[in-house]
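Reading through the structure tokens given below for one structure.
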Amino acid sequence: MFTAIVTTTLTQQDWAEDEIRRAQQRHPDVADVLHHSFSLLTATHERMTTEFIYRAHARELIERVATGVLTKPGTSVEVVLLLMRASLVTPLNTTAFGLYLRMWRRAGLPDLGGPIEDLDGHYEAINASGIDDFEAIARRKLAKPSRVLTLVVCEGRHLGEPADCRFASARAA
């Protein structure tokens with residue numbers, strides 16, 4: 001059991017580092033900040049042991065850091081997982097199912113194929129404003145107050161290599 005937990009944790013660490021590297025290529029102007037975003041990428045659900053689910057969660061948080069958006073609110077993946085759990089207890093109403101489809105697509109999760117593939121547009125047409133409201137509520141309820149990039153102390157080295165890091169220069173000043 002312990003070995004499985006350690007293996008899963010190390011695997012998620014590899015996925016997180018890979019997603020950070022990819023984001024640094026997309027956002028070279030904030031690559032130093034992204035390097036320090038690792039602490040935000042904690043799995044918040046047992047389903048995040050699945051690679052595509054964890055990576056989508058991490059990717060959204062990293063993009064928020066890159067674009068200066070708050071990292072506390074729930075991610076699209078967290079909303080999907082909440083709605084998945086709710087659907088096991090009771091059927092989702094039209095608005096909740098529309099939110100499920102919206103969050104699935106925003107998270108970049110794999111296409112489901114078949115007739116469900118284009119349904120999100122239909123649900124958006126039926127009740128987009130209700131879906132917007134549900135999304136705001138879900139992200140707020142799933143917020144992690146501690147999921148913030150805290151004061152970073154950087155010695156000017158990233159992964160053992162010298163780095164031009166804004167946190168190192170701020171500390172040296």
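Keep in mind it's a predicted model, so treat the numbers as computed, not measured.
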| task | Assess whether side chain to side chain contact (heavy atoms under 4.5 Å, CB included) is satisfied between F38 and I20, documenting all intermediate values. | result | CA-CA 8 Å; F38 183 82; I20 290 170; 4.0 Å; yes
| message | Working note: H36 + H158, criterion side chain to side chain donor-acceptor pair (under 3.5 Å); need CA distance, chi angles, decisive distance, verdict. | response | CA-CA 9 Å; H36 293 286; H158 292 178; 3.2 Å; yes
| said: Evaluate R64 against L40 for side chain to side chain contact (heavy atoms under 4.5 Å, CB included), listing each step before the verdict. | reply: CA-CA 11 Å; R64 289 181 189 180; L40 302 175; over 6 Å; no
| field | From CA spacing to verdict: side chain to side chain contact (heavy atoms under 4.5 Å, CB included), L142, V79 | value | CA-CA 8 Å; L142 291 166; V79 175; 3.8 Å; yes
| query | After noting the C-alpha distance and the side-chain angles of T71 and L149, does the key distance pass the side chain to side chain contact (heavy atoms under 4.5 Å, CB included) rule? | reply | CA-CA 8 Å; T71 53; L149 196 56; over 6 Å; no
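In this structure, the side chains of R139 and M103 come closer than 4.5 Å at one or more pairs of heavy atoms.
The pair R106-E135 meets the salt-bridge criterion, with a side-chain N (NZ, NE, NH1 or NH2) lying under 4.0 Å from an Asp/Glu carboxylate O. Salt-bridge annotation for R59 and E51: absent, with no side-chain N of the basic residue lying under 4.0 Å from a carboxylate O of the acidic one. Between E78 and R147 there is a salt bridge, with a side-chain nitrogen of the basic residue lying less than 4.0 Å from a carboxylate oxygen of the acidic one. With salt bridges taken as basic N to acidic carboxylate O contacts below 4.0 Å, none links R157 and E161.
Here the straight-line distance linking atom OG1 of T11 with atom CD of Q13 works out to 9.5 Å at 0.5 Å rounding. Taking CG from D29 and CG from L34, the interatomic distance works out to 8.5 Å, rounded to the nearest 0.5 Å. Distance check: Q24 CD to I62 CD1 gives 9.0 Å after rounding to the nearest 0.5 Å. The structure places CG of L99 at 9.0 Å from CD of E124, a figure rounded to the nearest 0.5 Å. Considering OG of S37 and CD of E63, their distance stands at 10.5 Å, rounded to 0.5 Å.
Here the closest non-hydrogen pair linking M48 and W15 is O-CZ3, 4.1 Å. Across every non-hydrogen atom of A128 and R102, the tightest pair is O-NH2, 3.6 Å. Residues A56 and L109 come closest through the heavy atom pair CB-CD2, 3.9 Å.
Side-chain N or O atoms of N127 include none that pairs as donor or acceptor with a backbone N or O of T95 at under 3.5 Å. Panel note: side chain E60, backbone S76; a donor-acceptor pair is recorded below 3.5 Å. A donor-acceptor pair under 3.5 Å links the side-chain atoms of H45 to the main chain of R47, judged by distance alone.
Note on I126 and L101: separate hydrophobic clusters, where clusters join Ile, Leu, Val, Met, Phe, Trp and Tyr whose side-chain heavy atoms are under 4.5 Å apart, directly or indirectly. Cluster membership for F52 and L61, using ILVMFWY side-chain heavy atoms within less than 4.5 angstrom, is shared. Cluster membership for V30 and V148, using ILVMFWY side-chain heavy atoms within less than 4.5 angstrom, is not shared. Hydrophobic clustering of Ile, Leu, Val, Met, Phe, Trp and Tyr side chains at less than 4.5 Å, counting indirect connections, keeps L83 apart from I137. Cluster membership check: L92 shares its hydrophobic cluster with V77, using side-chain heavy-atom separations under 4.5 Å among Ile, Leu, Val, Met, Phe, Trp and Tyr.
Using a 30° and 60° split on the angle between ring planes, Y100 and W104 fall in the tilted class, from 30° to 60°.
Atom NZ of K144 is surrounded by more than 12 heavy atoms from other residues, nucleotides or ligands within 6.0 Å.
The residue from T8, L41, T49 that alone fulfils the side chain to side chain contact (heavy atoms under 4.5 Å, CB included) condition with Y54 is L41.
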